[in-house]
Amino acid sequence: MTKLIVLIVIILGVIAVAQLVRMYELSSKLRNRREEDIPNRDNRLNATLLLVFMFAFFASVLYLFAEYGYTGRGEAASVHGKSTDWLMDLNMLIITAVFFLTNGLLFGFAFKYVRKPGVKAYWFPHDNRLELVWTVIPAIVLAVIIILGLKSWNEQTDKSPDEAIRIELFSKQFDWTVRMAGDDNKLGYFDYKLTNENNPLALMTTKTIQDAIDSMENSSSGIHALESKLNNPKLMFVPEDHALMVKDLARKERMVRMLYQLKARHNSALDTRVMDDIVFNANDTLFLCKGQDYEFNFRSKDVIHSAYMPHFRAQMNTVPGQTTRFKFRPTITTTEMREKMHNPQFNYILMCNKICGSSHYKMKLIVVVLDKPAYKKWYARVSKLDPKAADACKTFRNTYAVGKPKAAAPADSTAVATAPAMDSAAIVKTL
Amino acid sequence: MAAHEAHAHHDAHGHHHHEEGFISKYIFSQDHKMIGKQFLMTAVFMGVVAMLLSILFRIQLAWPGEESDFLSFFLGETWAPGGVMKESMYLGLVTIHGTIMVFFLLTGGLSGTFSNLLIPLQIGARDMASGFLNMLSYWMFLISSLIMLFSLFIETGPASSGWTIYPPLSALPQAIEGSGLGMTLWLVSMTIFIASSLLGSLNYIVTIFNLRTKGMKMTRLPLTIWAFFITAILGVLSFPVLLSAALLLMMDRLAGTSFYLSDIIVGSEMLENHGGSPLLYQHLFWFLGHPEVYIVLLPALGLTSEIISTNSRKPIFGYRAMIGSILAIGFLSFIVWGHHMFITGMNPFIGSVFVFTTLLIAIPSAVKVFNYITTIWRGSNIYTPAMLFSIGLVSTFITGGVTGIILADSALDIAVHDTYFVVAHFHIVMGMSAVFGMFAGVYHWFPKMYGRMLNTRLGYAHFWVTIVGAYGVFFPMHFVGIAGAPRRYYDYSVVGEYDKPTYDMIMDLNVIITVFAIIAAFGQLIFLFNFFYSIYRGPRAVQNPWRSNTLEWTTPVAHIHGNWPGAIPEVHRWPYDYSKPGAEEDFIPQVVPLAEGEEGDH
Ligand code: HEM
Ligand SMILES: [Cu+2]
Ligand SMILES: [Cu+2]
């Protein structure tokens with residue numbers, strides 16, 4: 001099948017080329033004029049086509065605006081989003097006007113001033129007044145654009161208010177994890193070296209540090225195990241494997257030294273900051289409360305990602321080794337937005353918007369905005385330990401495997417980590 | 001370097017009894033005209049490859065997951081099992097497409113071709129300052145092109161972190177397959193490319209400074225030369241920074257340094273690197289990256305200035321303002337790079353500074369546009385294919401330029417950064433404009449390059465298919481972007497999950513875009529045919545077919561070493577004396593002395 005199609009395409013291609021050649025030779029023979037002498041007829045034809053093209057182009061631009069305009073991402077669902085949308089409209093208006101005006105002049109003149117027999121071009125090498133005009137006018141318009149833009153930018157990037165809820169969005173290939181600051185509204189500290197299955201966000205407490213040290217030293221691929229393997233005279237290794245193991249051992253020894261330093265420096269008074277943090281599973285929906293200020297802290301585990309929330313007009317890169325921030329206040333609940341979008345299935349979304357690997361395009365997180373009462377109910381569920389539904393409580397205190405046996409098999413740890421999935425649609429309905 | 005031979009150009013079949021052997025004439029040539037043609041040929045080839053790649057991934061975008069014989073034919077079972085493109089290959093294709101288009105077609109190809117061809121001819125020099133370095137520059141360009149192409153065929157696939165190759169993604173083979181050997185080849189290729197570009201640029205600068213003929217003051221240079229000159233300076237100042245960025249990346253990859261890496265766990269591997277910053281790379285990259293877009297654009301603007309003036313039979317309006325704008329754009333282009341980094345976590349105050357400098361660039365750009373329009377106003381416009389492409393360039397420069405105002409406004413950039421809105425913007429303002437400029441240049445100077453004429457009617461067909469096709473591809477992308485579609489996505493199924501109507505709209509547009517892309521690609525066949533056929537069978541050119549003023553049209557049609565058979569002509573006037581009142585003809589070449597009482601330069 002493929003072969004046949006390819007064959008047909010090739011044959012058609014050859015025929016097309018042959019036709020072109022014939023046309024080409026005929027046209028040059030027939031006309032007996034030089035290629036560079038453009039006949040008036042051709043010249044006028046192209047001038048007319050330029051004008052026709054302009055009208056067709058303008059019409060399609062208007063059509064696209066009318067048909068697709070801003071409908072895609074809907075009304076801005078955040079406070080600053082409203083004001084940037086206003087600014088966007090203003091800028092759009094200006095640039096669309098400039099677009100029509102200058103393209104219009106260009107194609108219009110091109111049509112009007114096509115060569116006419118006997119008419120000489122007008123000698124007009126420069127005119128200081130005109131040039132001044134079109135330097136100064138753009139400068140003034142741009143000054144306005146700059147001032148308004150920077151005002152908006154400063155508001156958006158200003159420090160967030162104290163009462164803003166702190167949320168961490170943690171990114172890795174290829175999912176997002178939410179951590180909320182808990183009752184103290186302070187996000188606990190972290191260090192990437194503390195990462196393990198029980199502590200995917202590498203939060204820092206006296207205990208997690210100790211656990212990390214233990215696992216570095218005592219786990220099945222830990223320092224002690226490696227040492228005893230390497231020192232065991234009965235075991236023989238391929239030289240490459242041996243070299244790898246030596247390297248790995250050296251690396252782990254350096255890491256563990258740093259962990260001991262971390263332990264020495266750690267102030268255990270800070271543990272409480274972490275304990276009340278609400279740590280969700282990767283891919284768990286992000287719940288927000290309408291009318292509440294939020295400060296998002298972004299982190300990345302591996303490569304650069306970007307948290308893009310088109311409906312909130314929000315975006316910020318997540319950079320390994322660095323915390324980045326963005327703040328906004330949602331103004332429309334998911335339910336309200338569904339009505340506005342005439343789509344009962346609509347959801348807010350957070351998409352990854354920095355190329356981060358082959359599944360980049362699937363890396364997303366559902367965002368749900370609740371009104372205050374519903375949010376309060378939800379928040380109580382995830383933050384307060386209710387013996388009847390203990391697994392709904394997501395505080396670190398509750399989820400971090402307290403006193404679990406060290407060599408926690410991966411199967412165990414996932415069991416701890418996987419509380420019932422948060423189906424956003426269901427939640428929205430029940431609350 | 002006296003002119004020593006004038007044998008006809010197209011007779012050589014490579015027999016060594018010629019005064020000049022096949023090898024030294026066609027292969028290891030040190031003649032700037034031949035080197036220009038070598039650059040053009042290589043660039044045309046690379047351009048075709050990059051276009052083909054774009055068609056492949058456009059098919060995936062329009063009909064995601066559908067089996068395509070076309071895809072399986074070009075990509076085979078490895079990259080398109082069952083005729084469906086693999087995710088990782090999508091990113092690889094996008095990356096190599098972007099890299100080739102920006103660097104190999106529009107940097108190496110555009111300025112390599114026309115700087116080489118036109119600088120000596122238009123300033124009145126017998127050749128470049130150093131023919132040998134010039135030859136070296138081409139060969140390095142070719143080698144880097146071949147390495148880049150070769151990287152498409154390796155087992156782990158080509159570099160796939162986008163043409164901007166941001167680390168850590170590009171530094172960690174564990175993060176994506178293409179960051180293994182593919183990325184190494186990319187870096188090697190680009191290193192050689194940069195060396196080539198530097199050799200070329202230094203040569204252009206020295207030549208323009210030192211080898212101008214008698215009377216060719218800087219203020220009598222054609223705007224093409226001014227554009228090439230500033231372009232070369234931009235290249236010399238910015239490419240070394242890219243080289244350093246690439247070298248540091250190489251060190252992070254091979255030597256375990258931590259320039260760009262800090263606190264990373266990839267897969268389950270905990271890396272020790274600490275203290276580096278991925279933002280450092282972005283600063284270094286965009287310090288080249290932004291000037292780069294002007295390296296791509298300025299030569300195109302230079303070529304168009306010349307072509308519009310010649311074909312409107314009018315002096316270019318505001319010659320000095322045009323030079324001033326080129327200088328202003330060149331200068332400003334070095335202090336705006338941060339507009340690519342508004343939402344990277346860079347300090348917002350620094351962001352505001354970049355907003356200011358970036359929007360300033362709009363002023364000289366606007367001046368250029370208005371000057372072009374005024375040149376056409378009350379002209380006696382002749383629509384050669386070159387003139388049509390030049391008008392197309394002015395149009396795309398406007399259309400793509402205005403959306404830059406939105407992207408430069410940091411507050412607005414937040415909502416559209418890295419979406420298809422950006423893809424639309426840079427394709428129109430950089431891709432289309434520069435490609436139109438390049439086509440215009442080829443149509444206009446083909447007679448100078450090959451001593452024959454291109455077919456005009458095929459040129460018309462080519463232009464109309466191209467402008468309609470290209471606008472049809474890139475204009476709708478604005479709306480895809482405003483709807484919130486991120487770039488570098490293999491498909492948009494995510495959008496379907498959160499908002500089906502938006503997904504449907506994006507897919508509608510994606511299909512339209514791909515159809516236009518295929519049409520535009522077929523349109524290029526007209527050009528390719530016209531180009532190659534005319535090289536051998538086109539009608540012979542006359543010496544000055546466009547009745548133009550500049551010096552290259554005073555050289556004989558047949559190429560000779562040293563360009564002019566006799567003495568180098570002396571220049572007496574600026575290059576834009578078209579339709580001068582009191583003159584008999586509607587053009588007065590630069591070599592014609594001022595008449596009694598005639599006013600000189602403007
Ligand atoms: C047939 C014409 C072309 C088509 C259909 C086309 C289409 C595309 C598309 C769909 C993308 C992917 C965007 C994304 O997913 O992020 C892309 C990327 C790109 N294209 Fe083109 N393009 C064309 C011509 C050009 C030209 C002439 C240039 C020269 C400036 C160019 C430069 C780029 C660059 C720099 C990228 C970014 C690559 C990256 O993201 O790393 N393209 N193109
Ligand atoms: Cu990602
Ligand atoms: Cu830039």
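Fair warning: this is a prediction, and the values are worked out from it, not measured in the lab. Computed from heavy atoms alone, side chains included, the values below leave out hydrogens, waters and symmetry copies. The chains referred to below are lettered A, B, ... by the order of the sequence lines, with proteins before strands, and numbering in each begins at 1.
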Can you tell which part of [X] gets under 4.5 Å to a heavy atom of chain B, answering side chain, backbone, both or neither?
X	value
A:Tyr308	side chain
A:Arg254	side chain
A:Ile38	side chain
A:Ile94	neither
A:Phe107	side chain
A:Phe298	neither
A:Asp37	neither
A:Leu49	both
A:Ala314	backbone
A:Val119	backbone
A:Met255	side chain
A:Lys364	side chain
A:Thr324	side chain

Practice item. Describe, in one word, how the ring planes of B:Phe475 and A:Phe57 are oriented to each other, choosing from parallel (under 30°), tilted (30 to 60°) and perpendicular (over 60°). Key: perpendicular
Review point. Parallel, tilted or perpendicular: which fits the ring planes of A:Phe124 and B:Phe317, with parallel below 30° and perpendicular above 60°?
Key: tilted
So does [Y] get a backbone contact from the side chain of [X], meaning a donor-acceptor N/O pair under 3.5 Å?
X	Y	answer
A:Trp153	B:Pro348	yes
A:Asn43	B:Tyr383	yes
A:Gln315	B:Ala415	no

Please look at [X] and chain A and tell me whether the side chain, the backbone, both or neither of the residue comes under 4.5 angstrom of a heavy atom of that chain.
X	answer
B:Phe342	both
B:Ile391	both
B:Tyr490	both

Go through [options] and name the one with the most non-hydrogen pairs under 4.5 angstrom from chain A.
options	result
B:Pro364, B:Gly379, B:Gly345	B:Gly379
B:Ile176, B:Val494, B:Ile376, B:Leu412	B:Leu412
B:Tyr576, B:Trp546, B:Phe370	B:Phe370
B:Val266, B:Val367, B:Leu261	B:Val367
B:Ala366, B:Gly472, B:Ser352, B:Gly318	B:Ser352

In the structure I gave you, are the side-chain heavy atoms of [X] and [Y] within less than 4.5 Å of one another anywhere?
X	Y	value
A:Pro125	B:Trp574	yes
B:Ile264	A:Tyr192	no
A:Leu350	B:Tyr498	no
B:Tyr319	A:His126	no

Exercise for review: Kindly indicate, with the supporting measurements, whether the criterion side-chain contact (heavy atoms from CB on, under 4.5 Å) is fulfilled by A:Asp302 and B:Ile265.
Suggested key: CA-CA 5 Å; A:Asp302 38 37; B:Ile265 302 178; over 6 Å; no
Exercise for review: Give a yes or no on whether a salt bridge exists between B:Asp499 and A:Arg73, defined as a side-chain N under 4.0 angstrom from a carboxylate O.
Suggested key: no
Check your understanding: Does a salt bridge link B:Asp418 with A:Lys354, judged by any charged N lying under 4.0 Å from a carboxylate O?
Key -> yes
**Study point:** Sole residue of A:Ile95, A:Ile146, A:Val141 in side-chain contact (heavy atoms from CB on, under 4.5 Å) with B:Ile405
**Key:** A:Ile95
Review point. Picking from B:Ile373, B:Thr399, B:Val369, what satisfies side-chain contact (heavy atoms from CB on, under 4.5 Å) with A:Asn103?
Key: B:Thr399
**Study point:** CA sep, side-chain torsions, deciding dist, call: B:Tyr492, A:Tyr361, ring pair (Phe, Tyr, Trp, His ring centres under 6.0 Å)
**Key:** CA-CA 7 Å; B:Tyr492 289 87; A:Tyr361 71 105; 8.7 Å; no
Point to revise | Whether over 12 other heavy atoms sit under 6.0 Å from A:Phe100 CZ | key: yes
